[in-house]
Every structure is written in structure tokens, then in C-alpha cells.
Amino acid sequence: GLGDLLEKLEALKAKLRTEGLFDESRKVALPFLPNRIGLITGKDSDAEKDVIKNARLRWPQVEFEVRHTRVQGAQTAPEVIAAIADLDANPDVDVIIVARGGGDFLDLHVFSDEALVRAAAACATPIVSAIGHEADNPLLDYVADLRASTPTDAAKRVVPDVGEELARVSESRGRIRLQANTF
């Protein structure tokens, strides 16, 4: 039952931790301004809509390379693994978000699949795990370069806000003018 599944999950977690797959030193920094985001998610899902909408609200020019996969069930892990490999091989993709909205433990358990977790850990492109909600922690979260609490949070953490960045530029220009006028 569920007790056996939790016990196996904890054993796998301990094994992967011992191998160093969860080490902070393995984490890759996300690019400041990604031109193209790889998005792995369910077709026509709320997660897909949330990531794209919120990212474009922050930086309208951002582009997406979307791979639709199953997000629960036996075929999910192989499909997500293939999508990770495909997006990682694309030199135009700057960061990959794996997103799925909420669900119960069994729905999200596939994102703790050992082969999927290892594929994410081996990925050269930075990966963001945006699976479920704040309380959910599939093993993908531990190997990802960034864990986002929700798909919406992923969009907000991957793409800077154009308004905030323009305000910083304006403020910097003001300081430069002030300094230039003192000489």
C-alpha cells in the first residue's frame, strides 16, 4: 500500500542524496533574461496557461518551446524524459520548466521516478521544477536547479519584470547624471 510506496520513496531519496544528486554545488544559475523557455507540461493545462501568461506579463518578448506530455500515469516518466532530452539538445532553449498543477500524492508520484530524476540531473540546461503546490515535494524538486512552489511561481522566478528592470535603468541613469554633474 501507501506505506510501502513511501518507504521505497525514502530509500530512493537517500540513495540519490548519497550519490550527490541533491548537492547545491550541482545547481546551475538560471539566465537573467531567457530568450526561449522550454516548457514541459500537459496539453491545454492550467499549468501551461499560467506559466505562459505570467511570464509574458513580466517580459512580453519571451518565447516558449512547449512539449506536451502526460502528467500522470505510467507513460508520464518516459514522455517527460524524452521532452527533457529534446529541449536540452536545442541550443536556443535557455531554461526548462517542468510544470504540473496540484494533485494528490499518487498523481504527483511519477515526478519521483528514478529515471526521470536522473534525466533531469544530467540535463545541461537549467531545470525548474514546478510540480503541484507548496506542500508537494517530488524528488524532481531536489535535483532541479530551482524549485518553484507552483507553475505561476516558476514564471515569476524565471523571467524578470520589465517594469522593474526599466525602473532600475532609469534610477541608474539618474545616478550617473548626478555623478557627471558633480565633476
Side-chain angles (χ1 to χ4, degrees), residues 2 5-17 19 21-24 26-31 34 36-55 58 62 64-88 93-159:
L2 189 56
L5 186 58
L6 287 170
E7 188 176 311
K8 288 178 184 174
L9 182 62
E10 284 304 314
L12 177 58
K13 185 176 179 181
K15 174 184 166 184
L16 297 173
R17 178 178 285 120
E19 291 178 24
L21 293 185
F22 301 164
D23 291 353
E24 286 298 316
R26 298 185 81 252
K27 309 282 184 200
V28 177
L30 303 184
R36 183 167 301 222
I37 297 171
L39 176 60
I40 301 170
T41 191
K43 185 175 177 70
D44 297 322
S45 66
D46 287 342
E48 177 181 10
K49 293 170 192 156
D50 288 348
V51 170
I52 292 172
K53 177 182 126 196
N54 284 289
R58 296 174 65 78
V62 70
F64 284 89
E65 190 75 28
V66 180
R67 297 293 179 270
H68 293 120
T69 65
R70 289 183 179 95
V71 291
Q72 69 184 57
Q75 293 304 309
T76 301
E79 288 182 12
V80 172
I81 291 167
I84 288 172
D86 183 43
L87 291 170
D88 192 32
V93 173
D94 300 312
V95 62
I96 299 169
I97 299 173
V98 181
R100 186 214 194 273
D104 66 28
F105 172 78
L106 292 175
D107 290 340
L108 303 179
H109 180 66
V110 69
F111 294 96
S112 293
D113 177 87
E114 183 173 1
L116 189 155
V117 171
R118 289 185 182 282
C123 187
T125 307
I127 287 194
V128 176
S129 176
I131 306 299
H133 298 296
E134 182 65 40
D136 300 313
N137 287 108
L139 296 183
L140 178 62
D141 285 355
Y142 296 95
V143 298
D145 298 296
L146 177 71
R147 178 204 182 258
S149 60
T150 64
T152 299
D153 181 48
K156 291 179 178 180
R157 295 181 69 188
V158 169
V159 180

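Side-chain atoms are counted along with the backbone in the values below, which use heavy atoms only and exclude waters and symmetry mates.
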Non-hydrogen atoms of K13 and Y142 that approach each other most closely: NZ-OH, 3.1 Å

Separation of D46 CG from T150 OG1 (nearest 0.5 Å): 12.0 Å

Closest non-hydrogen atom pair between V159 and P34, with its separation: CG2-CG, 4.5 Å

Min side-chain heavy-atom separation D86-R67 under 4.5 Å: yes

Sole residue of L139, I131, N137 in side-chain contact (heavy atoms from CB on, under 4.5 Å) with F111: I131

With A148 via side chain to side chain contact (heavy atoms under 4.5 Å, CB included) - residues at least two apart: V128, A130, D153, A154

Under 3.5 Å donor-acceptor, K27 side chain and A144 backbone: yes

D113 CG to I81 CD1 distance, which is reported to the nearest 0.5 Å: 5.5 Å

Euclidean distance, E24 CD relative to D145 CG, rounded to 0.5 Å: 9.5 Å

Non-hydrogen side-chain atoms of V158 and I37 separated by less than 4.5 Å: yes

For the student: nearest non-hydrogen atoms of T125 and V93, plus distance: CG2-O, 3.8 Å

Minimal non-hydrogen separation, T41 against A47, with atom names: OG1-CB, 3.6 Å

Rounded distance (nearest 0.5 Å) linking atom CD1 of I40 with atom CD1 of I97: 10.0 Å

Minimal non-hydrogen separation, R118 against K15, with atom names: NH2-CE, 3.6 Å

Note, C123 side chain near I96 side chain (heavy atom, < 4.5 Å): yes

pair L12-S112: side-chain heavy atoms closer than 4.5 Å: no

Heavy-atom side-chain proximity of Q72 to L108 below 4.5 angstrom: no

Backbone of P151 reached by a side-chain donor or acceptor of D50 within 3.5 Å: no

Over all atoms of both residues, closest heavy-atom pair of A155 and V51: CB-O, 3.4 Å

Side chains of V143 and F22 in contact at under 4.5 Å (non-hydrogen atoms): yes

Test item: H109 and L9 side chains (from C-beta on) under 4.5 Å apart, heavy atoms: yes

V98/S129 under side chain to side chain contact (heavy atoms under 4.5 Å, CB included): CA gap, chis, key distance, verdict: CA-CA 5 Å; V98 181; S129 176; 5.7 Å; no

Check: R70 main-chain N/O paired with E79 side-chain donor or acceptor under 3.5 Å: yes

Salt-bridge present (E48, K53; N to O < 4.0 Å): no

Side-chain donor/acceptor of R157 to backbone N/O of R147, under 3.5 Å: yes

Min side-chain heavy-atom separation R100-T76 under 4.5 Å: no

